[in-house]
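A quick write-up on the structure given underneath.
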Protein chains: 4
Amino acid sequence: MSGRHFLQIPGPTNTPDRVLRAMAAPTIDHRGPEFAELTLGILGSLGAVFGTTQPVVIYPASGTGAWEAALVNTLSPSDRVVCFETGHFATLWREMAVRLGLEVDFVPGDWRHGVDPQQVADKLTADAEHAVKAVLVVHNETSTGVTSRVAEIRRAIDATGHPALLLVDTISSLASIDYRHDEWGVDVTVAGSQKGLMLPPGLSFNAIGPKALEAAKQARLRRSFWDWQPILDANSRGFFPYTPATHLLYGLHEALRMLDEEGLPQVFARHQRHAEATRAAVRGWGLEVLAVDEREYSGSLTAVSVPDADRIRALILDRYHLSLGSGLGRLAGRVFRIGHLGDFNDVMLAGTLAGVQMGLAASGVPIDPGGITAALDRLQRP
Amino acid sequence: MSGRHFLQIPGPTNTPDRVLRAMAAPTIDHRGPEFAELTLGILGSLGAVFGTTQPVVIYPASGTGAWEAALVNTLSPSDRVVCFETGHFATLWREMAVRLGLEVDFVPGDWRHGVDPQQVADKLTADAEHAVKAVLVVHNETSTGVTSRVAEIRRAIDATGHPALLLVDTISSLASIDYRHDEWGVDVTVAGSQKGLMLPPGLSFNAIGPKALEAAKQARLRRSFWDWQPILDANSRGFFPYTPATHLLYGLHEALRMLDEEGLPQVFARHQRHAEATRAAVRGWGLEVLAVDEREYSGSLTAVSVPDADRIRALILDRYHLSLGSGLGRLAGRVFRIGHLGDFNDVMLAGTLAGVQMGLAASGVPIDPGGITAALDRLQRP
Amino acid sequence: MSGRHFLQIPGPTNTPDRVLRAMAAPTIDHRGPEFAELTLGILGSLGAVFGTTQPVVIYPASGTGAWEAALVNTLSPSDRVVCFETGHFATLWREMAVRLGLEVDFVPGDWRHGVDPQQVADKLTADAEHAVKAVLVVHNETSTGVTSRVAEIRRAIDATGHPALLLVDTISSLASIDYRHDEWGVDVTVAGSQKGLMLPPGLSFNAIGPKALEAAKQARLRRSFWDWQPILDANSRGFFPYTPATHLLYGLHEALRMLDEEGLPQVFARHQRHAEATRAAVRGWGLEVLAVDEREYSGSLTAVSVPDADRIRALILDRYHLSLGSGLGRLAGRVFRIGHLGDFNDVMLAGTLAGVQMGLAASGVPIDPGGITAALDRLQRP
Amino acid sequence: MSGRHFLQIPGPTNTPDRVLRAMAAPTIDHRGPEFAELTLGILGSLGAVFGTTQPVVIYPASGTGAWEAALVNTLSPSDRVVCFETGHFATLWREMAVRLGLEVDFVPGDWRHGVDPQQVADKLTADAEHAVKAVLVVHNETSTGVTSRVAEIRRAIDATGHPALLLVDTISSLASIDYRHDEWGVDVTVAGSQKGLMLPPGLSFNAIGPKALEAAKQARLRRSFWDWQPILDANSRGFFPYTPATHLLYGLHEALRMLDEEGLPQVFARHQRHAEATRAAVRGWGLEVLAVDEREYSGSLTAVSVPDADRIRALILDRYHLSLGSGLGRLAGRVFRIGHLGDFNDVMLAGTLAGVQMGLAASGVPIDPGGITAALDRLQRP
């Protein structure tokens, strides 16, 4: 098939060729001086992306591993945690917590809303004995395109005076949607390499606040690979306690430079513009965006409700070389997801939306072809 | 600037990353067995792209060099040739012929039409003494988006019984627009690597018919670097008489494989569809395509008449990371050119046309925003 | 510094540029059909490298993670395991077992020998109640260059009739030193991407025998990320339960093709020749190989005893752009290690040994310069 | 075949992976602002490599083309030039001059010496009418490993007061062996990309002194593609008169940065050390270096006299994955040539010489195995 493939799933994203070329450099000694310089350079600029001056631990592992790391470093067997059913990934994180031996209070949801700060407050207020040790929030639900309001959740927790930790998954929001680990008082931020950071999958992260670091001293879930402390110790000299994923670190170094060149505020604004243009297209077609609360619209992906979504996606992939995200879990077959995050621009988005429009039409979905024009209208504004 | 650059000039084209990766292999010995295998493999499949079973000579040089090669191998000082003013590149080739010491009969044109077969016939009929030694035709004028009808030109020449050679420049048509060196009786076909062949610039070609090979024995323009014969001799063993551009040959090998995978008829059809969709957009905007005769519409690029074209192009490059071709020569500032050739697909074209539409609007050109929709309408048909 | 760096640590190894180029392909959808084809292709040929027809699980994580996976999938809290102090990595694996809540019987060693099969037999014979659930063996101790005789260990276990599982770390032996998961009756084989498999670090493996798969059903160490079962389930359709390290899988696919092209028996023989030539050089210099039992000489690396080893290594890196492995743990500063594994050949080894020889001389170590000649003597034989 | 290939022909040389990665960037618009910046950056630093502040013209062509350019820009039909038979390439350049219609006075030589400055003086002194328009000198004969003393030749010309131009081929010396276009008063320096400049083949150069530029105004050899003037005109704005070899320019930009990082004096000294070590090996083996005058030893390659050289080369390629240069022209089968130029270091040279030593031994050539040790002795000194 001729031309470039458009990888418009909500991550992994289109890796910039600058990053791919950086990753194609020869392997170096992970115990040598050149490596230490690389690590220290990365660690010096990585925090800014999380909005933190606290340590960020890098795992040579996928994002799911960083979920596990956040739990095993801070919690003990049978500890109670509160999770919110915002979608597929929140559900998976909850299942992980159960498997690791935690007691999970799972607040049901409709997969179209984010975490309700008031519900967080209610849960914690009701927990007078402070049995709840942590609140788990997925910042941006990749399965639904709904972004929870972490700052408000933090304020809700603070208002209760409850000491529970706040653990936040930013896998599909980091470096795409405004996020502030320190300012918002998040205790552990979980992230991955393959979305806004524009890298291939294979690295994941824990940004660690002081309260979490303190909790780690008492936490009794068994941990070895995921243990923060040996990593923090070795990082101080530019090394890792076990063999790091050297080439992904090359890529991370380059990606951080790219984010710095564009500027994080510009990156966030770009994602918002693209999300708005995408919603304009969806509505222009006469279709429905899954997210219902405009305060929770995702900047990095848009889920579109449509029957027989998988057949449409298959046609679009086959005919237009354009990959869209499938409906996951209870949304299987009922939505497709347009990723508009990472290394992206107006013309790529226009091509993407044009491909979706043509694919919908070819699939027999009754749409208004003005969707694309509505999107361009939005894109013509800053 | 985030996201991929869209290189929509009419060549060099977007080099596929498969080709770039093939070119990134280590250098090999150009006199060794591995190299001979590479060359013989390329020479075995290259002819099909030209529609020939005759030899094709590869130069480690740009397309302009292949123009020179076509002349110095077949002609002698003061020989008369006929050229047609179809646009900027036809004009440049004529200037080269003059500089090399040929007598040039330059038939004027309006830069909106191709070569008129009847004019060719008239010129040759009038040349009773057969002073004209060659007719030079640019198959696809890259400066105007007009494709001359080479098969008809050949028939016109044949009808006169005149022995002039037919030299054809296919730099922006080869592997994009149907072309048949043997069937159409072309004597020398000139081509370059950086358009339909999807390579970076740096290689160029002469496909050589038997009459041209015979003419080379008598031709007395001085030649050394461009001389066909030493190349043909060395090629038979898989080598070159001087150091070839090894890495571009790696790329050529991969590009030929890609063309074979898609199939040349499919490649030509794809270019036609994209050209039609582009013209639909142009007309949808209420603008004018430079080419006037529908038999001569180019499959590889479309020139659009618009005042102040360079300012528009600059804005589109700046705002949308999308490069368009400028007006050249007497068209400077009066047209922009959209390249839709090489490694390309529907979604890339839609993005391109969306970028042009937004750029025109932002430049204050009064356009109808239905252009993009008209293009998608066309793209939805096979 | 001019010229290529020689990465002659015992892993990560020099990644072949073929692999680096394969890894530079664009990211694809890890839930799409192209990805499924990639996975199934890899899984279809990966087992051969382990000498198994049983499942092999691939983690998007470093080798240390695969150690943890082998333990948490097969064992329960307070289970007893036997480890052998063959060197630094055996010691680290033991520490991991302790941290994960296992009871570890650590048989002391001198870091110059491999696991003694008789000691294994003695330990198991003494364990009449079958409290020992697993025997942990590092096949090739990367810190010492000593290879334990796994086939003999297996026979020793079998002779006792003890049901303990045999877990073997092949991180620095797989695809370098003859290894047979099925034939030798290993229950779990642990491996990593960055040594004989010639990839960058970032993937690791568990090859899983039927007894281990059965044990996993009862094992009660908490696991989620490392759990075999969801991976095996998803793998059957060509997918993974969480985002895989796509680009490293591209590299793995290419590396498996390279191993197949050379042929595993040839790969093993090459490593043996290079190991013999390296020992010839060491002895030629008048220095001592750390390994003392010739049945245990490593095919993938050679540790050389020398005072002030780190200063020598630093000089060699600085002057000759050649990285050697440092002494680890109790060998710190007392040995350097020459890696001769992965994508390597005679001329690269000769360059490596020449660099070491020049570096030793420049460091003031009294050596006989005939070392290099002794190595070439060996290399001149098949 | 496992491991890296050693490309030790005297060019093309081992392209550094930094350069290959730079060349793998996407194609850009050769008429756009990014391209202009690239060109002006290159032109600003390229002169230093030639030792000139005069213009350097870059051709998208191989070195042979730059030979032709030097002649057609400065000479007229039937002009007399003096060439010296220093080896194969000097002979080819002379043949080109003849084919282009020049009168060539070819001073015979034994292919073991460089140009004798006294002979130059004699030739010019004898030419009282100044019929000789140019003296053609190959600085470093790639076929013999003999370097002519250009500074002395210049002085010899000056002493005669003869106005002939001095045209010098530095294809295998530029950026390897000390060279000073301005200081030595060279009129045209011819160079190529694929040797000391560490690029793949495909670019070539003319550095142009003021006398040559003046001569170009009168020169009547027909020229178009090679014409300096349109290139110089377009270069002033950062462009080229025809499509440049964009990706090789990316590589050139990176290679110039690498040369600058190492420093030209260090680059020249490194080549001299490697040449001395190579000669030490050759003599250590008991074999003969082709070059006889120690003032003319080449820093970039060493030709070794040995019977049946092609069989030896084939064995070394086959067994050791190491390419050596063949004997060319009258030296065919009688020498092999070791290239030690470009991106190279001590350990790569040691590997190369080890491979040659093992190959000579395996071929039955009676050699002293002390050759490699003699080379290492030399390499241990600065």
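Note on naming: letters A, B, ... go to the chains in the order of the sequence lines (proteins, then strands), and numbering restarts at 1 for each one.
- The neighbour count for C:Glu37 CD, taken as heavy atoms of other residues, nucleotides or ligands under 6.0 Å away, does not exceed 12.
- Residues of residues 24-32 of chain B lying within less than 4.5 angstrom of chain C, judged on heavy atoms, are B:Ala24, B:Ala25, B:Pro26 in numerical order.
- At a heavy-atom cut-off of under 4.5 Å, chain C is reached by B:Asp17, B:Arg21 from residues 9-21 of chain B, listed in order of number.
- When the shell of 6.0 Å around CD of C:Glu34 is examined, it contains 12 or fewer heavy atoms from other residues, nucleotides or ligands.
- Under the ring pair (Phe, Tyr, Trp, His ring centres under 6.0 Å) criterion, C:Tyr59 pairs with C:Trp226, not counting sequence neighbours.
- Taking non-hydrogen atoms and a 4.5 Å limit, the residue list of residues 191-201 of chain B in contact with chain C is empty.
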